[in-house]
Number of protein chains: 2
Amino acid sequence: MNTQAHSPAAGDGTVGKALDVLDLVAAFGRPVRFSAILEASPLPKATLYRMLQTLTNQGMLTQDPDTQAYALGLRLVRLAHEAWRQSSLAPIARPFIDALAAEVQETVHLAQMDAGQVIYVDKRNATDPIEMFSQAGKVGPAYCTGVGKAMLAHLTPDRLQDALSRQSFHDHTPATLDTAIKLMRELDDIRASGVAYDREEHEPGIICIAAPILSSPARVIGALSITTSTARHALDTLDGFKPALLRAAEDIGGAAHDWQFPSDDPSAHSPS
Amino acid sequence: MNTQAHSPAAGDGTVGKALDVLDLVAAFGRPVRFSAILEASPLPKATLYRMLQTLTNQGMLTQDPDTQAYALGLRLVRLAHEAWRQSSLAPIARPFIDALAAEVQETVHLAQMDAGQVIYVDKRNATDPIEMFSQAGKVGPAYCTGVGKAMLAHLTPDRLQDALSRQSFHDHTPATLDTAIKLMRELDDIRASGVAYDREEHEPGIICIAAPILSSPARVIGALSITTSTARHALDTLDGFKPALLRAAEDIGGAAHDWQFPSDDPSAHSPS
DNA sequence: CGGTTGGTTCCACATATTGAAACCGCATCT
DNA sequence: AGATGCGGTTTCAATATGTGGAACCAACCG
C-alpha cells in the first residue's frame, strides 16, 4: 500500500530507526560526538545511546578511542564493495565505458536511479587521471541532469509518477526545467530522439548528452552520459557524440541482459 | 564481557540480525531469491521474510521486479560513499598516494584494519589506468599481507590479542607465516625496522613492502604498501622503496592528525 | 487435475526496545 | 577546595516489537 519508500522518517521498525541513525551520522560528513547526534535525532538519549552501541558493535559505525566521535564504519565500505559489484551495472559496463571515454576524450558518467534520485555509479575522466570512489556513490537530482532525464523518459507511467513526486524542482540555473509540465514535455522529445541533453540546467557552463540503458523489453536500468563544458563544445556539436554514445548504451544494455539471464534461469521472466 | 565483535553470529538485537542478512545477501555476490537466502539463514521463514521486506523498504536491498531476486541496494552505495569519505583516510591520503605511485611506478595500496581483517580503501596502479571501487572495499587477511603485518605490529597489546584471535592462519603459499608464534616474532622485526615485507606469503610471485601509518602518539590508523612481482623486482631490491614509502606514510599520518585535531577541538585529548 | 515448490499472511507469545530518571566522571566556575 | 554543569552511561518497569509455527495462496510441473 504504502508507496512511500524510505528517505527520512521511514520508520519501519527498529532497523528503520537504526538506518536513520546511520544516515544521520553520514549527513554530518565528519566524525561526530554523541550529543551532536542526539540533538539531530528524534530519539531519546538512552535509546539513541544503545542504538549507537549496537551499530558500533556491528561495525557499521566506528568510534574514535580518543575523541569518542562516531563515524561510519568500515563494514559499510565492505558491504558497499559488494553492493557496487552486484547491484549496479558498473562492473558490466566498465569495458564499454573505458572504450567510450577513450574514443570521445570527454568525461563519461554511468548512473542509476534510486528513489527518484540519480546516483552515479561510475565515472571515467578521459583527461585527468581519475576521481574514483570520490565520485561513485554521489547522488544528484533527476530532473535537471542528462542521465536523470534519460532515465525518467523511459520509466513506466507509475514509476514516473512516483519519481516525479520526489523531485524538488529547485532552480539551479536559468535553464533549469522547474516544473513537472516542462519536464514532461521534454521527456517526450527524449523518447523520440533517444538521447537527453543537459543544457546547463544543473550547472552553468556544463552540458551533456545522455542516453538511457535499456534491458530486456524496455526497462531502464541506467543511463550513460558524455559531459563537457561550453568552453570546449557548443551545444549542437554534442550530437557528434550521439552515435558512439548510443552504441555504448546499447552494448551495455545487451551485456546486462545476457548477464541477468545467462541461459539457465529456471524461473525465467515473461517472454520477451 | 563479550570481546567478540560482529562477524557472523553477532546477534545483538534485531538490527544485528538485519545486518547479518545483509552480509548474507552480500556473500552470494549476485541477486538471490527468497528461498536461497532462507536456507542460508538461521532465521525462520516468516521472520526472514519480514526482515527482507523491511530492508527493501529501506533501500538497503533492491528486489528485481521480474525475477524477484534480492540484491544489495543503492542506499548502501550512497552510504558507503560517505563512509569512505569520512571514516577512511583515503581522501586525506589521496595526494600522497598519487605522488608515491608516480614516483615509484609500482602499485600502491592503502589499507585499514577492521575486525582483524585488512580492508583496502584505495589503490593506485601506476601502469594500468585504474581499478577503482572494484578494489576499494576489498578485504583480505592480516597475517599474510604486508599492510596487515605492518598494522598488527603497531597495535596495542590487547588489540593485537583480539586481532590475532581472529586470524585463520591458512597456508596460502609455502612462505605463509602460519602460526601466531611465527607471526609475533616477525612483528618484532617489523617494529624494529619500521617496515613489513610480504615475501610471497599471500600469493606466489607477489611481494611487497609496507609501512604503518601512525597518528598522534603511536596509534596505527592504516598502512601503505608498494606491491610488485618477483618478475620485476627481487625481494632485497624492495628496500630501495623504503625511503619514499616511509616518507609518504609519515606525511599521511601527519595530515590525518592535523585533520582530526584542527586546532579548536574543545574536548581535546591528552596533551601531545 | 492433484502434487509440489516458492512466497505471503495470521496470530498468540515472548523478547527486545523504550525512555524517564538516576547516576557517574570530569571538567570548569567561584 | 567545593560546588555546578555537562556529556556520557546505566537501571528498570511498561509495552511496543519482533518471533515463528502453521495455515494459506499462487503458480508451475508432471
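- An OP1 or OP2 oxygen of D:dT17 is reached within less than 4.0 angstrom by no side-chain nitrogen or oxygen of B:Thr14.
- Within the structure, side-chain hydrogen bond (donor to acceptor under 3.5 Å, both in side chains) contacts touching residues 34-51 of chain B (residues at least two apart or in different chains) are B:Tyr49-B:Gln53.
- Whole-Å rounding puts the B:Leu48 CG to D:dG21 C1' distance at 15 Å.
- Partners of A:Ala142 according to the side-chain contact (heavy atoms from CB on, under 4.5 Å) rule, which considers only residues two or more places apart in sequence or in another chain, are A:Met113, A:Val118, A:Leu152, A:Gln167.
- Residues satisfying the side-chain contact (heavy atoms from CB on, under 4.5 Å) criterion with B:Ala93, sequence neighbours excluded, are B:Ile97, B:Leu110, B:Ile252.
- Taking a cutoff of 4.0 Å between a charged side-chain nitrogen and a carboxylate oxygen, A:Asp162 and A:Arg159 do not qualify as a salt bridge.
- By the side-chain hydrogen bond (donor to acceptor under 3.5 Å, both in side chains) test, A:Gln63 pairs with A:Tyr70, sequence neighbours left out.
- Evaluation of the side-chain contact (heavy atoms from CB on, under 4.5 Å) rule for A:Ala223 yields A:Val147, A:Ala150, A:Met151 as partners, not counting sequence neighbours.
- Between C:dG19 and A:Thr47, a contact under 4.0 Å exists linking OP1 or OP2 to a side-chain N or O.
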Starting at the 5' end of nucleotides 3-14 of chain C, put B wherever the base has a protein heavy atom under 4.0 Å, S where only the sugar-phosphate does, and a dash everywhere else. ---SBBB-----

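- Under the side-chain contact (heavy atoms from CB on, under 4.5 Å) criterion, B:Phe28 pairs with B:Arg30, B:Val32, B:Ala36, B:Ala40, sequence neighbours left out.
- For the helix from C:dG3-D:dC28 to C:dT30-D:dA1, the axis fitted to the five pairs at one end and the axis fitted to the five pairs at the other end meet at an angle of 30° (nearest 10 degrees).
- The side-chain hydrogen bond (donor to acceptor under 3.5 Å, both in side chains) check on B:Ser165 picks up nothing, with sequence neighbours excluded.
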